[in-house]
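One is the number of the first residue; the rest follow in order along the sequence. Worth knowing before you read on, the calculation uses all heavy atoms, side chains too, and leaves out hydrogens, waters and symmetry mates. We count ligands from 1, going down the list as the structure has it; atoms in each ligand are counted the same way.
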Amino acid sequence: MTFDSRRRRLAAGLVLSGLASRGARAAGKTLLRISTPAVPDDWHAKMWTVFKDTLEQSAPGEFEVQVNLNAALFKQGAEPAAMARGNLELASISAFDIAKLLPEFSIFTAGYMLRDPQHQQKVFNGPIGDEMFKRVSDKLGVTVLATAYLGTRQVNLRDVRKVTTPADLKGVKLRMPGSKEWLFLGQALGATPTPLAFGEVYLGLKTGTIDGQDNPLPTVRAAKFYEVTKQLVLTSHLVDGLFIAVADTTWNAASPAQRQKLKAAAQAAARYNNDHRIQEEAQLVEFFKQQGLQVTTPDVAAFRHAVQQAYAASEQAKAWPQGMLGRINGTS
Ligand code: KDO
């Protein structure tokens, strides 16, 4: 699809969804538009079907859930603004999206901070999550309903090279999503971070405009990046998450019973995603080897040290709430 035809479709979609919104409300249903850049075969795309099905069972006829994948409705990272404008009801937003508007949230964009998916769930489903999500609601006008594990990010290269420490990534054009918080992570890894939207990554790898990208293994499979790369470097640099969030206008208009059902549906979706992802992450190295990729393990301690030093000395760390780092580390 050309950029123009996509823009026309998008504009038509927005007009239609505006009309649908009024129509759906008039018919007594609340419209829930969802937008994600995820590709259909990825678990955090499929989890939205679980959300929709769960809600249709628990609240039949009350909601009309519309799932839009592949960034077809809003471009990656634009979801919080679309929710604030009343053009989108639900999305899975990243710590990086939040940090743009709430600088203290950048603590969750730091490499080698969260230890594993279990640590992540404990942090966000406990007092730290309650406190930080309250700030998110106050600042962004969205309520977080559940935390989905996106996976542990690994470096994935177009050409094979020996990578032991961050110095070995010097000059490597490593694609990162386009915000300064993401670019900082790429730089901390020792690479030359290059901003690019998720939807452009496959072609970028194929044509060589980028030398590599970083993503969790299930996404490398689902988006087929393994077809256009030759190496996976298991840096495990970020235990990444996505927050299933609803616009506060929708949340505040819902009855207490509806809120409970929305939350339960989001939690069922996150559970589905988390279980599948964790299971798949444990199996994928074998799959990639079968596809002909070299899978190498660098000196992870050297990467951890360099990345943690970079964050400790960073401008963004100045916005982190007092004592939060210790509280995160101490959560078990
Ligand atoms: C990506 O662009 O690399 C990323 O993994 C960033 C995440 O925050 C999230 O937007 C994700 O893409 C998309 O959901 C596509 O999987």
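- Heavy-atom distances between M176 and ligand 1 stay at or above 4.0 Å for every pair.
- A donor-acceptor pair is defined here as one N or O able to donate and one able to accept, closer than 3.5 Å; no such pair exists between the side chain of Q231 and the backbone of R158.
- Nearest non-hydrogen protein atom to atom 10 (O) of ligand 1 is Q76 NE2, 3.0 Å.
- Checked against the 6.0 Å centroid threshold, F51 and F63 do not count as a close aromatic pair.
- Ligand 1 lies less than 4.0 angstrom from a heavy atom belonging to W182.
- Here is the list of ligand 1 atoms found below 4.0 Å of a heavy atom in H44: 13 (C), 14 (O), 15 (C), 16 (O).
- From the protein, the heavy atom lying nearest to atom 7 (C) of ligand 1 is L150 CD2, 3.8 Å.
- Separation of the F124 and F243 ring centroids falls under the 6.0 Å cut-off.
- Every atom of ligand 1 with a heavy atom of P177 under 4.0 Å away is listed here by number and element: 1 (C), 2 (O), 3 (O).
- Below 4.0 Å from some heavy atom of F198 lie the following atoms of ligand 1, by number and element: 1 (C), 2 (O), 3 (O), 12 (O), 15 (C), 16 (O).
- Ligand 1 has a nitrogen or oxygen under 3.5 angstrom from a nitrogen or oxygen of R153.
- Between Y112 and Y311, the gap from one ring centroid to the other reaches at least 6.0 Å.
- Among E200, E79, R175, Q213, the residue whose heavy atom lies closest to atom 3 (O) of ligand 1 is R175.
- With distances taken over non-hydrogen atoms, the option nearest atom 8 (O) of ligand 1 out of S94, A45, G77 is S94.
- For the side-chain contact (heavy atoms from CB on, under 4.5 Å) criterion with Q120, the lone passing option out of N274, T331, L114 is L114.
- Remark: ligand 1 and D240 share no N or O pair separated by less than 3.5 Å (distance only, no angle test).
- Across R277 and H44, no two heavy atoms sit closer than the pair NH2-ND1, 2.8 Å.
- Ring orientation note: the planes of W182 and F96 are close to parallel, at an angle under 30° on the 30°/60° scale.
- No more than 12 heavy-atom neighbours from other residues, nucleotides or ligands sit within 6.0 angstrom of CD on Q57.
- In terms of polar-atom proximity, N215 is counted as a contact of ligand 1, with an N or O under 3.5 Å from an N or O of the ligand.
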